[in-house]
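Written out below as structure tokens is the structure these notes cover.
Treat the numbers as computed from the prediction; the structure is a model and nothing was measured. Per chain, numbering begins at 1; letters A, B, ... match sequence-line order.
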Amino acid sequence: MTRSDRLIRLQDSNRIFTKDECEAIARRIFAIAGSEGETRVEIETWWQGELRWARNRVSLSADRRDIDITVRRFIHGVEGEAETNQLDDASLAGVVHAAERDAVLFGTPKRAPLVEPPLLQPPTPATAIWSDATYNLSTDTRGQAAQGMIRPAEQKGMIAAGYLEVRGACHMNISSLRPDGPYALWDQPYVRWTQYQCSNTIRDAAGSASGWAGLSGYDWQQCDPSALGARALEKCIASQHPVALEPGRYTVILEPQAVADLVDMIGGDMWRTEAEGGLGPFADAPDNVLKIYRSKLGLKVVDSRITISHDPSDPLLGIIPYPGMRPVTWIDHGILTSLWDDQAYVLSKLTREQDLRALVGYRMSGGTTSMDEMIRTTKRGLLVTRFSNIGSLDSTSLLATGLTRDGLWLIEDGKITKAVKNFRFTESPLFVFNSIEQLGPPVPVFHPVESPYEVRQPLRPAIVPPIKARDFSFTSLIDAI
Amino acid sequence: MINAFARPRGWSGLVLMVGLLGTAQAGRAQTTFTWPDTAVNVATYTDLERCISAVQRVRFQEESREALTTWTDTLPYSPLEYLDPEPAAVTATARRCGDQIPESSVTIPQYQAGLQLFLAAGRDSDALALLARRLDVAAQGDASGRKQFLVLDTVGTFFDGARGARPRLWSTVMWQRLRRSKDLLVRIRLYGRLLANAVKYQDTVQTARLSQVFLAAADSITPAERKSKEFDDFFPPPYGLTPRLYLAVQDVVGERIKLDSLRSSTAAYVALEHDFWHKLLGQGALPFPYPAVGREAPPIVGKFWFDGDSTAPPPQMGRVSLLVFMSARACGKQPVVDVVLVFGRQCEANFAVLRRLAARFPRLRITIVAPTIGYFSYDLMPAAEEARWIDKWVRAHAPAGVAVVVDTTPYFRLPEPDGRRVNKPTDNVRNYTFGSPQIATALADGGQAYAFLVDQGRRIVNSDGLGTGGEPDLARLIEALFDRQTRAEPSSKP
């Protein structure tokens with residue numbers, strides 16, 4: 001049998017393995033490795049279907065799928081690791097022995113403790129993050145969705161570009177020492193999920209106007225690609241012939257996408273160990289009596305109308321769960337109530353059982369003011385679609401700089417009067433969220449990971465409201481649209 | 001991490017392919033684990049740099065293989081292991097590769113690589129010839145010998161690494177080149193370096209000789225020289241010459257005198273140590289660095305006692321005691337962010353020391369003093385349960401007959417939502433700190449094992465971290481105390 005004969009390809013009907021299939025593979029590997037030492041098997045099967053279009057034509061249609069099997073061998077105090085994506089006996093034997101060779105060549109001897117209480121894992125919450133609609137979205141259907149966004153733009157003489165992706169994966173991590181019993185902390189029970197993302201950018205032929213709309217989530221049924229296309233087209237038409245405006249401080253109406261861009265900056269710094277080391281925006285003054293640093297836990301950090309939380313059972317949010325995940329309120333009516341930390345910290349500093357991991361998705365509270373109402377009540381301000389190229393300038397204040405893009409409009413006396421050239425801003429999300437005038441109802445936004453090709457990093461869903469804030473600082477004009 | 005389907009290269013790929021084809025059958029029948037063969041063919045390594053790479057690679061493989069099968073961290077300290085020859089595979093690789101590189105072809109910029117290769121291949125005469133060439137270049141315009149000292153200081157690690165008798169070879173070259181240097185600081189530095197080497201390899205003849213020479217030279221430094229920049233460069237503050245001087249003084253005076261005084265009484269021993277520090281070293285302004293030595297050892301207190309008697313707590317009058325402060329957290333029972341050493345081997349070496357001491361001195365009363373911290377490994381638990389797990393963990397490693405005393409760590413919590421637990425020192429830690437920040441740090445929550453040796457009169461004789469490096473000295477002190485006991489001398493008087 002040649003190597004190409006042995007290659008196993010995931011069939012359309014079996015792109016994502018079931019729990020039983022994963023466990024069967026793990027048992028085959030345990031049998032090969034034998035009873036000496038410990039073997040840990042991590043199994044992941046993933047599938048990604050994508051469609052890319054530019055200049056009103058589909059430029060890429062791809063369907064990728066693979067199996068990732070990582071075998072870790074712990075033998076006599078050393079650890080080795082190797083991967084394969086094949087399932088035949090010879091390949092599984094090869095990966096086990098490759099892991100053992102890795103242990104010999106690179107393993108640093110560790111001593112397994114002789115005495116240890118049994119390690120049990122907290123339960124993983126049940127979540128609704130699988131959608132058959134997403135999983136079954138065929139190539140043809142994806143193409144039709146793209147055409148639904150391209151054709152209207154083409155008819156108006158505009159140029160459309162965009163990206164549509166559906167993906168699914170399963171993941172499981174299991175140890176030979178506990179194949180049937182409760183999992184240890186580092187074992188991951190079986191979980192499967194689907195996600196999608198769809199975004200569309202439309203520009204005019206002169207290259208002076210741009211409109212964008214996008215959405216991501218786990219259930220394709222929540223997405224209306226035609227509506228996204230229509231919205232992007234509307235924005236593009238409305239942003240033609242922009243005028244230059246003087247940089248300065250303006251009242252801004254930030255669409256939900258722009259708000260999410262700012263919240264992302266806060267979420268990345270909500271690390272307790274850092275804050276209690278005197279670093280970052282959530283570090284408070286040192287306590288010279290106890291000789292420790294305080295954090296801003298319990299202090300008001302943003303407007304009292306803002307609450308940021310996540311709940312793994314939230315059906316609209318669709319967070320991929322981990323063991324022990326529980327509902328968390330990070331900011332409660334403006335007060336910082338939680339910072340994430342790891343197992344070591346939790347045990348040593350808090351003597352608490354479950355660690356609190358970094359934001360993997362969030363819901364931000366809002367209000368009832370509609371966008372139209374916000375515009376109507378604005379004497380002079382700017383309507384911002386979204387930001388891009390955000391870079392941090394100061395980690396303590398979260399001062400950052402970035403650009404507006406894909407539509408910026410001037411509001412005068414309660415009406416949108418003209419399209420405006422894009423600005424560079426220099427602002428801190430903490431300042432913005434302390435200068436809020438109005439909030440709208442929260443909605444899901446487009447929230448991909450930085451690299452959409454990194455299939456092991458699921459999307460982090462976000463539900464955020466539009467907001468109106470005062471004194472937002474724009475520091476210079478830019479030519480980009 | 002190795003991809004099982006990396007494209008095979010050369011014969012190592014053939015080994016992999018044969019291995020893969022073979023193991024399909026072997027996997028089903030395999031019942032006993034055997035280490036896979038990881039030998040590498042270095043026949044294609046031809047020039048000097050590649051030869052060094054080949055030697056390093058084989059040396060690393062041999063060391064890894066040894067580390068996987070022999071856990072040296074629990075073996076007693078053996079300074080003479082440096083004198084063992086290199087593994088045969090390393091020497092063979094160096095010879096096979098280096099045979100095509102004559103000594104005369106190695107340029108001065110390549111001298112370090114050449115030196116390593118010749119030493120690994122056993123070509124000592126070529127190594128010395130190459131070193132002589134380099135030193136001749138450094139000697140030009142170097143009347144004081146400083147440049148030559150720096151060259152020799154640099155290559156000292158190569159001779160150490162080459163093992164066998166090479167460290168002595170290096171010492172000989174250093175002595176021959178620099179003993180007549182007219183620069184006093186260079187000579188002092190030379191004597192200090194050679195003295196440290198002689199102590200390391202337990203060359204008592206050289207140690208005695210060099211100590212005398214070193215002290216005489218150090219005594220002749222003028223105040224102006226002591227304040228000079230060159231002095232600070234050679235002997236950086238704040239400790240300067242003190243560590244080397246202490247070593248030399250100890251050797252000149254002789255350890256026998258210290259142990260004899262300890263056999264007589266702890267008070268005499270403590271007085272001698274203070275004399276060393278204050279009078280001989282001239283460190284009148286600095287406090288004696290071992291504040292616990294000579295103090296009365298407070299009774300150990302604790303809530304949970306295992307194989308011990310809370311009504312007659314250690315250290316007991318009439319018994320030689322070793323009180324070992326340990327914490328499960330410091331031994332890597334769980335990853336924590338505020339402990340420096342979290343490697344399991346650290347405490348396994350500590351326990352190995354205790355086992356050897358217990359075997360040698362059956363009447364030594366060893367007590368492990370451990371605090372509760374609210375959890376054990378990854379599990380939160382109440383103090384009583386944690387104490388039981390600590391005892392279980394100690395018993396799995398420690399010699400039979402040790403007592404375990406667990407005291408509950410007092411703490412308070414910061415108000416919510418902070419909620420951090422702030423530990424306070426236990427009674428035992430407070431009692432045994434003796435005002436020393438260094439001891440307080442060592443005994444702090446999560447510190448490494450720290451031992452107090454207490455004599456029959458409940459006076460502290462020694463306090464230091466417990467490790468294989470200090471084990472010979474600790475054993476000699478314990479032996480002196482038992483000698484005292486055997487002679488039925490009266491217990492030490494304040």
- Query: Measuring heavy-atom distances to chain A, does B:F60 have an atom under 4.5 Å in its side chain, in its backbone, in both, or in neither?
  - Reply: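 Just its side chain gets close to chain A.
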- For B:R413, is it the side chain, the backbone, both or neither that has a heavy atom under 4.5 Å from a heavy atom of chain A? side chain
- Go through the structure and list residues passing side-chain hydrogen bond (donor to acceptor under 3.5 Å, both in side chains) with A:D269, not counting sequence neighbours.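 Counting only residues at least two positions away or on another chain, A:D269 forms no side-chain hydrogen bond (donor to acceptor under 3.5 Å, both in side chains).
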- Please step through side chain to side chain contact (heavy atoms under 4.5 Å, CB included) for the pair B:L414 and A:I292, ending with a clear verdict. CA-CA 11 Å; B:L414 295 175; A:I292 57 173; 3.6 Å; yes
- Item | Residues that B:R430 engages under salt bridge (charged side-chain N to carboxylate O under 4.0 Å, His left out), provided they are two or more places apart |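 If we apply the salt bridge (charged side-chain N to carboxylate O under 4.0 Å, His left out) test to B:R430, skipping adjacent residues, the hits are B:D427.
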- Message: Quick check for you: to the nearest 0.5 Å, what is the distance between B:N423 atom CG and A:K349 atom NZ?
- Response: 9.0 Å
- Any idea which heavy atoms bring A:G298 and B:P417 closest together, and the distance? N-CG, 3.3 Å
- If one checks every heavy atom of A:I335 against chain B at 4.5 Å, the contacting part turns out to be neither
- Task: Go through the atoms of A:R272 and report whether side chain, backbone, both or neither lie under 4.5 Å from a heavy atom of chain B.
- Result: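 The answer is the side chain of A:R272.
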- Query: Is A:L350 close to B:R420 at the side-chain level, that is, under 4.5 Å between some pair of heavy atoms?
  - Reply: yes
- Message: Counting only heavy atoms from other residues, nucleotides and ligands, does the tally under 6.0 Å from NZ of A:K300 exceed 12?
- Response: yes
- Please determine, among A:D287, A:L290, A:L336, the option with the most heavy-atom pairs under 4.5 Å with chain B. A:L290
